[in-house]
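Only one structure is covered here, and it is reproduced in the block below.
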Amino acid sequence: MPEGPSILSLKNKLLRYKGKTVTEASGYGEMDKSKIVNIKLEDIETYGKNLLFVFKDFFVGVHLGLFGRMLVNKRKKVNASFALHFGSEEINFYIAKTKLYEGKPREHFNFKTDILKPEFDSEFIINELQTKHANETIGDVLMDQTLFAGVGNIIRVEVLYHAKIHPESLVKDIPEKKLVFLLKMVVDYAEEFLNRIKTDDVKEKALIYGKKICPKDKSELVVIDKMGKVKRKTYICPKCQKLYAEKNPA
């Protein structure tokens, strides 16, 4: 599944279409595309894992899900689920979900939760974690897109290792100082992820995601195929990552 940095990278590739007129919108998706014709594309934004095409009074959100793909001026043999045409040029999305929203993105999405936005608000997130998600595991809550928009499984695994927190630790048992550090790691690693997309070595340079041995103590990593409510493949170093529990809250 594309993560927030991947979507931001796609946006950067599409910025040349900003200000151009959409001559046709097509695709087999159910979204009504009748409004998206002979209209100027005013901006392209992102929110988490959503790519947003902004027009005057509305915008279209595109979510690539697990297997979605975008092609620019190229086509697959199968029909696109959504496509925007700019004269002889086109952007094609395959296996993507789309939704048309009235108004502007900030009226629908809380940019305080987007890990790649300057508006990302750590104090707001920590308050939400401690008051509304205290009894959830940190491994699960990191994938909650209403709190950590843009976090996917690679980011989740890597930042928990960087912060030395076991994913099964309950939020209420993690010291606030550790939570602050974890959120800093989320933002820092998201930026690193974005930079590594340029050289296509995100997975290669990951410390434990997709690996077998801890790079620090050289012990064997624990790999769980479907951990927690999110049921995502998880890599853990039991020696480096502390399991915070109520009886041992230090």
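Side-chain contact between Ile95 and Ser81 is absent, with no heavy atoms from C-beta onward closer than 4.5 Å. Thr137 is listed as a side-chain neighbour of Leu170, based on a closest heavy-atom distance under 4.5 Å. Put simply, the side chain of Leu64 reaches to within 4.5 Å of the side chain of Ile7, judged on heavy atoms. Pro167 has its side chain within reach of Gln241: a pair of non-hydrogen atoms, C-beta onward, lies under 4.5 Å apart. At least one side-chain heavy atom of Val60 sits less than 4.5 Å from a side-chain heavy atom of Phe82. Side-chain contact check for Leu142 versus Ile155: every heavy-atom pair is 4.5 Å or farther apart. The shortest distance between side-chain heavy atoms of Val151 and Val159 does not fall below 4.5 Å. By the 4.5 Å heavy-atom criterion applied to side chains, Lys33 and Leu100 are not counted as neighbours.
When the shell of 6.0 Å around CG of Asp200 is examined, it contains 12 or fewer heavy atoms from other residues, nucleotides or ligands. For CZ of Arg16, the number of neighbouring non-hydrogen atoms (other residues, nucleotides, ligands) closer than 6.0 Å is greater than 12. Counting non-hydrogen atoms of other residues, nucleotides and ligands closer than 6.0 Å to NZ of Lys20 gives a total above 12. For Lys177, the NZ atom sits in a loose shell: 12 or fewer heavy atoms of surrounding residues, nucleotides or ligands are nearer than 6.0 Å. Around atom CD of Glu123, no more than 12 heavy atoms belonging to other residues, nucleotides or ligands sit under 6.0 Å away.
Between the side chain of Asp114 and the backbone N or O of Gly48, at least one donor-acceptor pair lies under 3.5 Å. Judged by distance alone, the side chain of Lys11 and the main-chain N or O of Leu51 form no donor-acceptor pair under 3.5 Å. Looking only at distances, no side-chain donor or acceptor of Glu42 sits under 3.5 Å from a matching main-chain atom of Lys18. A donor-acceptor pair under 3.5 Å is formed between the side chain of Thr234 and the backbone N or O of Arg232. In this structure, Glu3 contributes its side chain and Ile154 its backbone to a donor-acceptor pair below 3.5 Å.
Scored by the ring-ring contact (aromatic ring centres under 6.0 Å, His included) test, Tyr17 finds Phe86 as partners (sequence neighbours excluded). Residues satisfying the ring-ring contact (aromatic ring centres under 6.0 Å, His included) criterion with Phe124, sequence neighbours excluded, are absent altogether. In this view, Glu168 satisfies the salt bridge (charged side-chain N to carboxylate O under 4.0 Å, His left out) rule with no residue, not counting sequence neighbours. When the side-chain hydrogen bond (donor to acceptor under 3.5 Å, both in side chains) test is applied to Ser34, the partners found at least two apart in sequence or on another chain are Asp32. Annotation: ring-ring contact (aromatic ring centres under 6.0 Å, His included) contacts of Phe55 (sequence neighbours excluded): Phe58. Residues satisfying the salt bridge (charged side-chain N to carboxylate O under 4.0 Å, His left out) criterion with Arg106, sequence neighbours excluded, are Glu119. Taking Lys35 as the reference, Glu102 meet the side-chain hydrogen bond (donor to acceptor under 3.5 Å, both in side chains) condition, with sequence neighbours excluded. Judged as a salt bridge (charged side-chain N to carboxylate O under 4.0 Å, His left out), and not counting sequence neighbours, the contacts of Asp188 are Lys184. Remark: Glu136 pairs with no residue by the salt bridge (charged side-chain N to carboxylate O under 4.0 Å, His left out) rule, at least two apart or across chains.
Ala190 approaches Ile115 most closely through the heavy-atom pair CB-CD1, 3.8 Å.
Using a cutoff of 4.0 Å between basic side-chain nitrogens and carboxylate oxygens, Glu90 and Arg75 are scored as salt-bridged. Checked for salt-bridge contact, Glu192 and Lys205 miss the test: no charged N lies under 4.0 Å from a carboxylate O.
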Quiz prompt | Stepwise side chain to side chain contact (heavy atoms under 4.5 Å, CB included) check, Ile165 with Ile174 | solution = CA-CA 8 Å; Ile165 301 172; Ile174 303 172; 4.1 Å; yes
Exercise. Decide yes or no on side chain to side chain contact (heavy atoms under 4.5 Å, CB included) for Phe148 and Leu183, but give the supporting numbers first.
Key: CA-CA 9 Å; Phe148 295 98; Leu183 266 62; 4.0 Å; yes
Self-check item: Chi angles and distances behind the side chain to side chain contact (heavy atoms under 4.5 Å, CB included) call for Met70, Leu14
Solution: CA-CA 11 Å; Met70 181 187 85; Leu14 298 177; 3.6 Å; yes
Practice problem: Show your working on side chain to side chain contact (heavy atoms under 4.5 Å, CB included) between Ile236 and Ile208 and close with a plain yes or no. | Solution: CA-CA 8 Å; Ile236 308 164; Ile208 65 169; 5.9 Å; no
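Under a 4.5 Å side-chain heavy-atom criterion applied to ILVMFWY residues, the cluster that includes Tyr101 comprises Tyr47, Leu52, Val54, Phe59, Phe109, Phe111 as well.
Counting only residues at least two apart or on different chains, the ring pair (Phe, Tyr, Trp, His ring centres under 6.0 Å) pairs with a member in residues 206-238 are Tyr209-Tyr235. The stretch residues 137-164 participates, sequence neighbours left out, in no salt bridge (Lys or Arg N to Asp or Glu O under 4.0 Å) pair at all.
If you check the side chains of Asn92 and Lys74, you find no donor sitting under 3.5 Å from an acceptor.
Connection of Val171 to Ile126 is established within a shared hydrophobic cluster, with ILVMFWY side chains joined at heavy-atom distances below 4.5 Å, either directly or through further cluster members.
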